[in-house]
There are 2 protein chains.
Amino acid sequence: MKISTKGRYGLRAMVDLGVYSKNEPVSISSIAERQQISDSYLEQLFGKLKKAGLVLSIRGAQGGYQLARKPEEISVGDILRVLEGDLMSVTCGGDEEEHSCQASDYCVTKYVWQKVHEGIIAAVDHLLLSELIEQSKGFHGGC
Amino acid sequence: MKISTKGRYGLRAMVDLGVYSKNEPVSISSIAERQQISDSYLEQLFGKLKKAGLVLSIRGAQGGYQLARKPEEISVGDILRVLEGDLMSVTCGGDEEEHSCQASDYCVTKYVWQKVHEGIIAAVDHLLLSELIEQSKGFHGGC
DNA sequence: AGAAATCCGAGTAAATTAGTAGGAGTTGAA
DNA sequence: TTCAACTCCTACTAATTTACTCGGATTTCT
């Protein structure tokens, strides 16, 4: 079980965006260069982040992206949910309701996934982008 | 982010094994039938569980598997770690140490994965197989 | 002897992930 | 007013991982 590059790259990119945001928007290519991520792949991620309302875009030359909210109002969970989909599916069998436990909404392993889900959510929803940005500023960028 | 069939099937199988353990060993084929999982796939999973010391095997006719420890001494985390590998890799870049953060053992996103990891571990290590077995007995098997 | 089981490793099909490519539309500035 | 720097969008492909299957060897009870 691990987080995909979407989540990893996206989170780094959002931190980068926070760190390098002045008054002007930040371009994807500058983030990509600093973070050593492919331009076109990052584009895709920002498409999702924009659609989810976490960033704003300014088109055209000298355009780029900005955080849509203050970084203390964006949690790591917000970001990861957009990029990773559900952080932990809670269904028992697979993605959909299974024949073997259709009637009862109870099921042993579902209980387990529920607990794991709660653990993850508690962690990521209490971590704010602002914290990461501050830390990152102190520590000279990096991965 | 989700748990693969290895983890899901394996957990169900371990609960099943606990529920149906009397004095005799329980065969893979019987578990597979009750849980609607392919025999040969389950075999693989039990291979891992055995190697990890969570189950014992008895070979030959009328052979099968038994829990290696009392179910209250086996946590869900024990099982999932065996079947899923690390529950959450904590490295920042990918699987290995990356050039971009080799020197400092600090890195912003690594901090995030660490927190997520702690959340997951806290959840699964406090859930005991015995609890699931008891619940499952009450609720007529199922997924 | 023979059936019922574990054991073991190789092979494969399907799904997902990761990343590319190409081009259309937008805008600021020379 | 043209050009370059951007976002935006969608389709495609390569690589990796997952989810199995298959065949056979070995062990052991009856």
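Both backbone and side-chain heavy atoms feed into the values below; hydrogens, waters and symmetry mates do not.
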A.B. asks: Would you mind reading off the distance between A:Glu84 atom CD and C:dT16 atom P, rounded to a whole angstrom?
C.D. replies: 14 Å
A.B. asks: Give every residue pair that meets the salt bridge (Lys or Arg N to Asp or Glu O under 4.0 Å) criterion with at least one member in residues 61-74 of chain A, sequence neighbours excluded.
C.D. replies: A:Arg69-A:Asp78, A:Lys70-A:Glu73
A.B. asks: For B:Gln44, give me all partners under side-chain contact (heavy atoms from CB on, under 4.5 Å), at least two apart in sequence or on another chain.
C.D. replies: B:Tyr41
A.B. asks: Counting side-chain heavy atoms from CB outward, which of D:dA19, D:dT7, D:dT21 is closest to B:Ser4?
C.D. replies: D:dA19
A.B. asks: Taking the side chain of B:Ser40 as its heavy atoms from C-beta onward, which of D:dC8, C:dA18, D:dT21 lies nearest to it?
C.D. replies: D:dT21
A.B. asks: Of the candidate nucleotides C:dA18, D:dT7, C:dC7, which contains the atom at the shortest distance from the side chain of A:Ser57?
C.D. replies: D:dT7
A.B. asks: Please pick, from C:dA18, C:dT20, D:dT21, the nucleotide with the shortest atom-to-atom distance to any side-chain atom of A:Ser38.
C.D. replies: C:dT20
A.B. asks: Look at B:Lys50 and C:dT6 and indicate whether a side-chain polar atom (N or O) is within less than 4.0 Å of OP1 or OP2.
C.D. replies: no
A.B. asks: Looking at A:Tyr9, does any N or O in its side chain come under 4.0 Å of the phosphate oxygens OP1/OP2 on C:dG19?
C.D. replies: yes
A.B. asks: What's the CD-C1' distance between B:Glu24 and D:dC29, to the nearest Å?
C.D. replies: 13 Å
A.B. asks: List for me each residue that meets side-chain contact (heavy atoms from CB on, under 4.5 Å) alongside B:Pro25, sequence neighbours excluded, and say none if there are none.
C.D. replies: B:Ile58, B:Gln66
A.B. asks: Return the set of residues passing side-chain contact (heavy atoms from CB on, under 4.5 Å) with B:Glu118 (not counting sequence neighbours), or none when no residue passes.
C.D. replies: B:Gln114, B:Lys115
A.B. asks: How many Å lie between OH on B:Tyr65 and P on D:dT28, as a whole number?
C.D. replies: 14 Å
A.B. asks: For the pair made of CD in A:Gln66 and P in D:dT7, what is the distance, rounded to whole Å?
C.D. replies: 12 Å
A.B. asks: Expressed in angstrom and rounded to an integer, what is the separation of B:Leu56 atom CG from C:dA5 atom C1'?
C.D. replies: 16 Å
A.B. asks: Please report the closest heavy-atom contact between A:Leu54 and A:Ile74, naming both atoms and the distance.
C.D. replies: O-CD1, 4.0 Å
A.B. asks: Show me the protein contacts with nucleotides 11-15 of chain D, counting only N or O atoms at under 3.5 Å.
C.D. replies:
from   : atom 1 : to      : atom 2 : distance (Å)
D:dA11 : N6     : A:Gln44 : NE2    : 3.4

A.B. asks: Which residues pass the salt bridge (charged side-chain N to carboxylate O under 4.0 Å, His left out) test with B:Asp16, sequence neighbours left out?
C.D. replies: B:Arg34
A.B. asks: Over how many whole Å does the gap from A:Asp39 atom CG to C:dG22 atom C1' extend?
C.D. replies: 14 Å
A.B. asks: Please list all pairs meeting ring-ring contact (aromatic ring centres under 6.0 Å, His included) that have one or both residues in residues 44-72 of chain B, counting only residues at least two apart or in different chains.
C.D. replies: B:Phe46-B:Tyr65
A.B. asks: Rounded to the nearest Å, what distance is computed from the CG atom of residue B:Leu42 to the P atom of nucleotide D:dC20?
C.D. replies: 11 Å
A.B. asks: Grab the N/O contacts between the protein and nucleotides 26-30 of chain C below 3.5 Å, and write none if there aren't any.
C.D. replies:
from   : atom 1 : to      : atom 2 : distance (Å)
C:dT27 : O2     : A:Ala61 : N      : 3.2

A.B. asks: I'd like to check the side-chain contact (heavy atoms from CB on, under 4.5 Å) partners of A:Lys50; sequence neighbours left out, ordered by chain and number.
C.D. replies: A:Val55, A:Ser57
